[in-house]
2 protein chains.
Amino acid sequence: MEKTATEFTDKQLAIIDAAQKLFAESGFDGTSVRDIAHEAGINVAMISYYFGSKEKLMEAVFEQKANHTRIKVENLLQNENLSPLEKVNVLIDDYVDKFIAQQEFHRIMIREQLIEKNNAVATLIYELKKRNQDSIKKLIHEGQKGGAFKKNIDIVLMMTTLVGTVSQMITSQRFYREMNHLEEMPEPEFQKYIRKKLSAHLKNLFKVILTYEA
Amino acid sequence: MEKTATEFTDKQLAIIDAAQKLFAESGFDGTSVRDIAHEAGINVAMISYYFGSKEKLMEAVFEQKANHTRIKVENLLQNENLSPLEKVNVLIDDYVDKFIAQQEFHRIMIREQLIEKNNAVATLIYELKKRNQDSIKKLIHEGQKGGAFKKNIDIVLMMTTLVGTVSQMITSQRFYREMNHLEEMPEPEFQKYIRKKLSAHLKNLFKVILTYEA
DNA sequence: AATAATCAATCAAACGTTTGTTTAACTTTA
DNA sequence: TAAAGTTAAACAAACGTTTGATTGATTATT
């Protein structure tokens, strides 16, 4: 049974957005509830009033934003007009797009994955990764059955490269800008630029991993 | 001119090690100076006494540990018994080894790269990345001149995949363990295992990026 | 229709802790 | 005995959270 999505009021959503922004910039411990209240233009007490605690607010951020991170593969599996490799390419585009569009949330994800102790958010991340992993697995196995992909593929390692490359690009995009002398390029254009670069790069990598024999 | 390495006493090194461990586990803001003092078995005041501030202690951690992260390519360039691709493979092994061996420090690096504001540590990371980038660039250009590598290679993007894949593996190694049903494997053996896996995987990727035409 | 009661929303202020850092007294070392 | 090392205690500031009063709109009672 699918978990029923909590409904947030506009005011709650404003707090969640402010929290996401600041958590992405300075991390959970580096952001105070007063910072969040100021960013959202509300009184500090409202955070406890609506969410119970700072920790619970972080969970609300995940509840509200994590859906944008989920890979959807059902329609792809049924589609008979695309080859297995084309399907993987669609999936890569989808993933890169979501990652670029939701950078603030993904910065939080990257940080939270580094935390050692098991809290509620860690569990959410684990389940999200597991679900994405399973989606990919289905797609790959389909391609393997038809003979389009080779047999021995380490899917988890492959996903590590996908997620890792995109994460690292998000993390060091300013560095990427400078190394390629793109300081003058307007931000929206640059975002399109790295999206295109990443997409082509990853498609090329995946084609090799999936089809060429080592 | 090379910056003269600061000499730390044994006691200072103990504090630095304790700080590295806790910063890696819980982040800079998630670790208190009292935590560090307790871990190192010293009085809180000693941190201010020796390092001036918590911030400066973090810089000392970098000063002491960052050298292990630097890619060394000089000997490799002069070696005439290895092909360009073999040299790249040596470099990948070298990088993966350093990363696995210095996981605590690299966790700190991954976290600090996410911080938006420019502090002293951010500058250190930038220079480290720049230096590593330049080292790789030399090696690639050498291979390109001899015709072993293709012409249009996005070296920054390539490094993004190298660093990103290894970082993501460090970050989610517990996940990797469970997905491959390796919960029973002893920790040291598992570390060797992922080092080997990562190395083979990345060598395969780089061979493709560097030699095959898109 | 007028009045009383109830409610969630909002606020400034205060709560008790914990934070990084400093002080001043004491001990060890050279 | 002067300098360096070490300590418990204290410091102000910042932290997450709670409190109690006030608001304004809605519901119930007369």
Side-chain angles (χ1 to χ4, degrees), chain A residues 6-64 108 111-112 115-122, chain B residues 6-64 108 111-112 115-122:
Chain A
T6 312
E7 295 282 336
F8 292 115
T9 66
D10 287 354
K11 187 143 283 182
Q12 285 173 312
L13 287 174
I15 298 175
I16 288 175
D17 283 347
Q20 174 178 254
K21 185 190 170 200
L22 298 184
F23 286 158
E25 276 176 17
S26 315
F28 181 79
D29 294 313
T31 306
S32 74
V33 291
R34 284 171 179 81
D35 292 337
I36 299 169
H38 181 258
E39 175 76 26
I42 50 113
N43 188 280
V44 213
M46 301 310 293
I47 290 174
S48 293
Y49 180 73
Y50 278 125
F51 299 98
S53 70
K54 187 188 178 188
E55 190 77 41
K56 290 271 179 61
L57 170 56
M58 173 62 109
E59 292 171 30
V61 171
F62 267 77
E63 204 170 319
Q64 180 62 22
I108 298 176
R111 238 191 273 255
E112 286 297 315
I115 304 221
E116 307 267 358
K117 72 164 189 270
N118 263 358
N119 50 26
V121 168
Chain B
T6 312
E7 296 281 336
F8 293 113
T9 66
D10 287 353
K11 187 143 285 184
Q12 285 172 311
L13 288 174
I15 299 174
I16 288 175
D17 284 347
Q20 173 177 253
K21 184 190 170 200
L22 298 183
F23 286 159
E25 276 177 16
S26 315
F28 181 79
D29 293 312
T31 306
S32 74
V33 290
R34 283 169 181 82
D35 292 337
I36 299 169
H38 181 258
E39 175 76 26
I42 51 113
N43 188 282
V44 215
M46 300 310 291
I47 290 174
S48 293
Y49 180 73
Y50 278 125
F51 300 97
S53 68
K54 187 188 177 187
E55 191 76 41
K56 290 269 178 59
L57 170 56
M58 173 63 109
E59 291 171 30
V61 171
F62 266 77
E63 204 171 319
Q64 179 62 21
I108 298 176
R111 239 192 273 256
E112 286 298 314
I115 306 240
E116 307 269 358
K117 71 165 190 267
N118 264 358
N119 50 25
V121 169

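So that the names make sense, note that chain A is the first sequence line, chain B the second, and so on, each numbered from 1. Small disclaimer: the values here were computed from a predicted structure and weren't measured.
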Next on the checklist: If you only use heavy atoms from C-beta on, which nucleotide in dC15(D), dA8(D), dT17(D) is closest to the side chain of S32(A)?
Outcome noted: dC15(D)

Item to check | Protein-nucleotide distance (I36(A), atom CD1; dA14(D), atom C1'), rounded to Å | outcome: 15 Å

Checklist entry - At under 4.0 Å between heavy atoms, what does Y50(A) touch on the DNA or RNA strands: base, sugar-phosphate, or nothing? => result sugar-phosphate

Checklist outcome for this item: To the nearest angstrom, the CG-C1' distance between D10(B) and dT6(D) comes to 17 Å

Checklist entry - Which part of the nucleic acid, if any, lies within reach of S48(A) when heavy atoms closer than 4.0 Å are counted: base, sugar-phosphate only, or nothing? => result base

Item to check | Between P of dT7(D) and CZ of R34(B), the distance in whole Å | outcome: 15 Å

Checklist entry - NZ of K11(B) versus P of dA4(D): gap in Å, rounded? => result 16 Å

Checklist entry - Taking side chain as C-beta onward, heavy atoms only, is L57(A) less than 4.5 Å from Y50(A)? => result no

Next on the checklist: Side-chain N or O of K54(B) versus OP1/OP2 of dT19(C): is the shortest distance under 4.0 Å?
Outcome noted: no

Checklist entry - Base, sugar-phosphate, or nothing for T31(B), non-hydrogen atoms under 4.0 angstrom? => result sugar-phosphate

Item to check | Nucleotide dG5(D), atom P - distance to CD1 of I47(B) in whole Å | outcome: 16 Å

Checklist entry - dT6(D), dT18(D), dA8(D): which one has an atom nearest the side-chain heavy atoms of N43(B)? => result dA8(D)

Checklist entry - Taking OP1 and OP2 of dG5(D), is either one under 4.0 Å from a side-chain nitrogen or oxygen of Y49(B)? => result yes

Next on the checklist: Nearest whole Å is fine: how far is dG5(D) P from I15(B) CD1?
Outcome noted: 11 Å

Next on the checklist: Is it the case that over 12 heavy atoms from other parts of the model lie below 6.0 angstrom from the NZ atom of K54(B)?
Outcome noted: yes

Checklist entry - How many Å lie between CE on M46(A) and C1' on dA12(C), as a whole number? => result 14 Å

Item to check | Atom-pair distance (CG on D35(B); C1' on dT21(C)), nearest Å | outcome: 16 Å

Checklist entry - Is there side-chain contact between E112(A) and F28(A), with heavy atoms separated by less than 4.5 Å? => result yes

Item to check | Non-hydrogen side-chain atoms of I16(B) and F51(B) separated by less than 4.5 Å | outcome: yes

Next on the checklist: What I'd like to find out is whether the side chain of E55(A) reaches to under 4.5 Å of the side chain of N119(A), using heavy atoms alone.
Outcome noted: yes

